[in-house]
Amino acid sequence: MLFDYVLRNGRIAGGSAAAVNVGVRDGRIAAIGPDTSMMARDSARDIALNGRLLVPGFVETHIHLDKSCISDRCACHTSRLKDVIAAVAEAKQSFTEEDIYARGRRTLEKAIVQGTTRMRTHVEVDPRIGLKGFHAVGQLKRDFAWAIDIELCVFPQEGLLNDPGCDELLVEACENGAGSIGGVPYVDTNPNGQIARIFELARHYDLDIDFHLDFDLDPSWMHLDEVCRQTDEYGWGGRVAIGHVSKLSALDEPSLKAAAVRLASAGVAVTVLPATDLYLMGRDASHLVPRGVAPAHRLLEWGVTCSLSTNNVLNPFTPFGDCSLVRMANLYANVAHAGQPTELAACLDMVTRLPAKLMNLKDYGIVVGNVADIVALDCTSREVAVAELAQPLFGLKSGRMSFSREAAVV
């Protein structure tokens, strides 16, 4: 049988330790197994992996393309959350669709060459920016569909009920193709009211929800409980995610377990954003600075779906980033003391199959019949990928080569 590509002697992440051949035809995975008779139509597309690891593409669940690459235009010297929000709010008043597109493209191309094949990008919608970001990122979605699937999650960064005109813009975005909807209750004068309105819109437009939530280190109160309550009330379990949730890092073991059990019961997923959470949390401490990173791998033990993601790139929220989710998994593993082989493997799962579950992706995974989204890593196992920051060597998106790089040679 002839194939468009044959990936020969690769190990599938999370599968058997034995190497297999993967045949790709017409954009889909057509065969997996030891069959040595698999042949590519073009010999150059018969690729020897020599035991290297195959993953079904990295999944980015929380990134902001619309406000990436603006470090050079924001004067923000304190790096406290409220000051960072204010600095970006001021900068975005001068954004144009062309500007957002150009900066977003720069960031998106970084993600593609790092092996990201699916992405949920959060897009700000409010009376100051209007729908400029929505339109610009929507154009990026169309222009780069050959390399990456992008879902636009529209949300009000600076409040909803306290920001006249914002609700109407959110509705307009939902009417015009938003893929999901989010919120930031902690910046609203009526946090629970914002949460309720986001659930109302999600039900009306049949959208998944992704909140920025509980982004500080005071564990005496949380909006997490209200999100879980409304998830139960609306029957939206499995369709709600919360990002940051740095308060969870400040809980003792019994309280953390109780929160995890509540999240798992409601079907609310958690996205941890290691780079931003590390950078912005603990700013009041002069020594023994708290890390502020929620213990995602512990939450997994209690049944919570978790992902690790990039968040911001080269802006005041996070003035660094190369869009490598392998690097993000490694950063998290260092911060969270997650060094055992099973923990390192879980870190890779939190940038691949678990975020795919969070986003309810139905055709994800290296399985016969699925779309051929496959990335080859220069390593032989999940734990080595994270521990050694394995480089992605090439990627297929719907059976088409989307990027490649040569393995290093000494």
Could you pull out all donor-acceptor pairs under 3.5 Å where a side-chain atom in residues 393-400 meets a protein atom, sequence neighbours excluded?
{"unit_1": "Lys397", "atom_1": "NZ", "unit_2": "Thr117", "atom_2": "O", "d": "3.4"}
{"unit_1": "Lys397", "atom_1": "NZ", "unit_2": "Asp149", "atom_2": "OD2", "d": "2.7"}
{"unit_1": "Lys397", "atom_1": "NZ", "unit_2": "Asp373", "atom_2": "OD2", "d": "2.6"}

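Formation of a donor-acceptor pair under 3.5 Å by the Lys132 side chain with backbone atoms of Ile100 is not found in this model. The main-chain N or O of Ile29 is never found under 3.5 Å from a side-chain atom of Asn370 such that the two would form a donor-acceptor pair. Counting only distance, with no hydrogens or angles, the side chain of Asn315 and the backbone of Thr318 share a donor-acceptor pair below 3.5 Å. The backbone N or O of Val335 lies less than 3.5 Å from a partner atom in the side chain of Arg291, making a donor-acceptor pair. For the pair Glu343 (side chain) and Gly339 (backbone), a donor-acceptor distance under 3.5 Å is present. Thr116 contributes no side-chain N or O that, together with a main-chain N or O of Ile112, makes up a donor-acceptor pair within less than 3.5 Å. At least one donor-acceptor pair under 3.5 Å links the side chain of Trp236 to the backbone N or O of Leu207. At distances below 3.5 Å, at least one donor-acceptor pair connects side-chain atoms of Ser68 with backbone N or O atoms of Leu65.
Rounding to the nearest 0.5 Å gives a distance of 8.5 Å between CE of Met350 and OG of Ser307. Atom CG in Asn311 sits 7.5 Å away from atom CG in Asp277 (nearest 0.5 Å). To the nearest 0.5 angstrom, Ile148 atom CD1 is 4.0 Å from Met119 atom CE. Here Asn330 contributes atom CG and Leu325 contributes atom CG; the two are 12.5 Å apart, rounded to the nearest 0.5 Å. Once rounded to the nearest 0.5 Å, the distance linking CG of Asp210 with CG of Leu358 reads 6.5 Å. In this structure, CZ on Phe134 lies 8.5 Å from NZ on Lys141, to the nearest 0.5 angstrom.
Defined by atom type and a distance below 3.5 Å, a donor-acceptor pair is present between the side-chain atoms of Lys67 and Gln157. With no hydrogens or angles considered, no side-chain donor-acceptor pair links Thr271 and Ser309 at under 3.5 Å. In this structure, a donor-acceptor pair under 3.5 Å is absent between the side chains of Asp208 and Ser180. Judged purely by distance below 3.5 Å, without hydrogens or angles, the side chains of Gln139 and Arg142 pair a donor atom with an acceptor atom. A donor-acceptor contact closer than 3.5 angstrom links the side chains of Tyr101 and Asp143. Using modelled atom types and a 3.5 Å distance limit, the side chains of Thr310 and Glu60 yield a donor-acceptor pair.
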**Report entry** Criterion salt bridge (charged side-chain N to carboxylate O under 4.0 Å, His left out) on Lys82 and Asp216, from CA distance to verdict
**Finding:** CA-CA 11 Å; Lys82 66 177 182 178; Asp216 61 56; over 6 Å; no
**Report entry** Stepwise ring pair (Phe, Tyr, Trp, His ring centres under 6.0 Å) test for Phe155 and His64
**Finding:** CA-CA 11 Å; Phe155 80 108; His64 296 264; 5.6 Å; yes
Report task. Kindly determine whether Asp214 and Ile242 satisfy side-chain contact (heavy atoms from CB on, under 4.5 Å), including the steps that lead there. Result -> CA-CA 9 Å; Asp214 291 340; Ile242 53 178; 5.9 Å; no
Query - Trace of the side-chain contact (heavy atoms from CB on, under 4.5 Å) decision for Cys306 with Val272 - result: CA-CA 8 Å; Cys306 294; Val272 175; 5.9 Å; no
**Report entry** Residues Arg45, Asp4; criterion salt bridge (charged side-chain N to carboxylate O under 4.0 Å, His left out); working and verdict
**Finding:** CA-CA 7 Å; Arg45 296 187 177 189; Asp4 299 323; 5.3 Å; no
Query raised in the report: Is there a salt bridge (charged side-chain N to carboxylate O under 4.0 Å, His left out) between Glu109 and Arg105 once you walk through the steps?
Result: CA-CA 6 Å; Glu109 289 177 343; Arg105 176 174 183 159; 3.0 Å; yes
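Partners of Glu301 by side chain to side chain contact (heavy atoms under 4.5 Å, CB included), not counting sequence neighbours, listed by chain and number: Arg298. Residues satisfying the side chain to side chain donor-acceptor pair (under 3.5 Å) test with Glu406, not counting sequence neighbours, are none. Partners of Glu175 according to the side chain to side chain contact (heavy atoms under 4.5 Å, CB included) rule, which considers only residues two or more places apart in sequence or in another chain, are Val171, Tyr205. Among residues two or more places apart in sequence or in another chain, the side chain to side chain contact (heavy atoms under 4.5 Å, CB included) test is passed with Ser249 by Leu217. By the side chain to side chain contact (heavy atoms under 4.5 Å, CB included) test, Arg283 is found to be paired with Ser79, Arg80, Tyr279, residues two or more places apart in sequence or in another chain being considered. Residues forming a salt bridge (Lys or Arg N to Asp or Glu O under 4.0 Å) with Glu172 (at least two apart in sequence, or on another chain): none. Asp322 is linked by a salt bridge (Lys or Arg N to Asp or Glu O under 4.0 Å) to Arg327, counting only residues two or more places apart in sequence or in another chain. Residues satisfying the ring-ring contact (aromatic ring centres under 6.0 Å, His included) criterion with Phe215, sequence neighbours excluded, are His244.
For an aromatic pair to be called close, the ring centres must be under 6.0 Å apart, and His212 with His223 fails this.
Electrostatic pairing of Arg120 and Glu151 counts as a salt bridge here, judged by a charged N lying under 4.0 Å from a carboxylate O. A salt bridge does not link Arg197 to Asp188: none of the charged side-chain nitrogens sits closer than 4.0 Å to a carboxylate oxygen. A salt bridge links Glu233 with Arg229; the closest basic N to acidic carboxylate O contact falls under 4.0 Å. A salt bridge links Arg262 with Asp232: at least one charged nitrogen is closer than 4.0 Å to a carboxylate oxygen. Ion pairing of Arg128 with Glu158 is present here, as a side-chain N (NZ or NE/NH1/NH2) and a carboxylate O approach within less than 4.0 Å. Between Asp99 and Arg103 a salt bridge is recorded (basic side-chain N to carboxylate O distance below 4.0 Å).
Applying the ring-ring contact (aromatic ring centres under 6.0 Å, His included) test to pairs two or more places apart or on separate chains, those with a residue in residues 324-372 are His297-Tyr332. Counting only residues at least two apart or in different chains, side chain to side chain donor-acceptor pair (under 3.5 Å) contacts with residues 18-29 are absent. For residues 379-388, the side chain to side chain donor-acceptor pair (under 3.5 Å) pairs, not counting sequence neighbours, are Asp349-Arg382.
When all heavy atoms of Ile366 and Ile12 are compared, the closest pair comes out as CG2-CD1, 3.8 Å. Shortest non-hydrogen contact noted between Val187 and Gly159 is CG2-N, 3.4 Å. Residues Cys347 and Leu308 come closest through the heavy atom pair O-CD1, 4.0 Å.
Counting heavy atoms from C-beta on, the side chains of Pro156 and Gln194 come closer than 4.5 Å. Residues Thr352 and Val59 form no side-chain contact, since every pair of their non-hydrogen atoms from C-beta on lies 4.5 Å or further apart.
Heavy-atom contacts from other residues, nucleotides or ligands closer than 6.0 Å to CZ of Arg106 number 12 or fewer.
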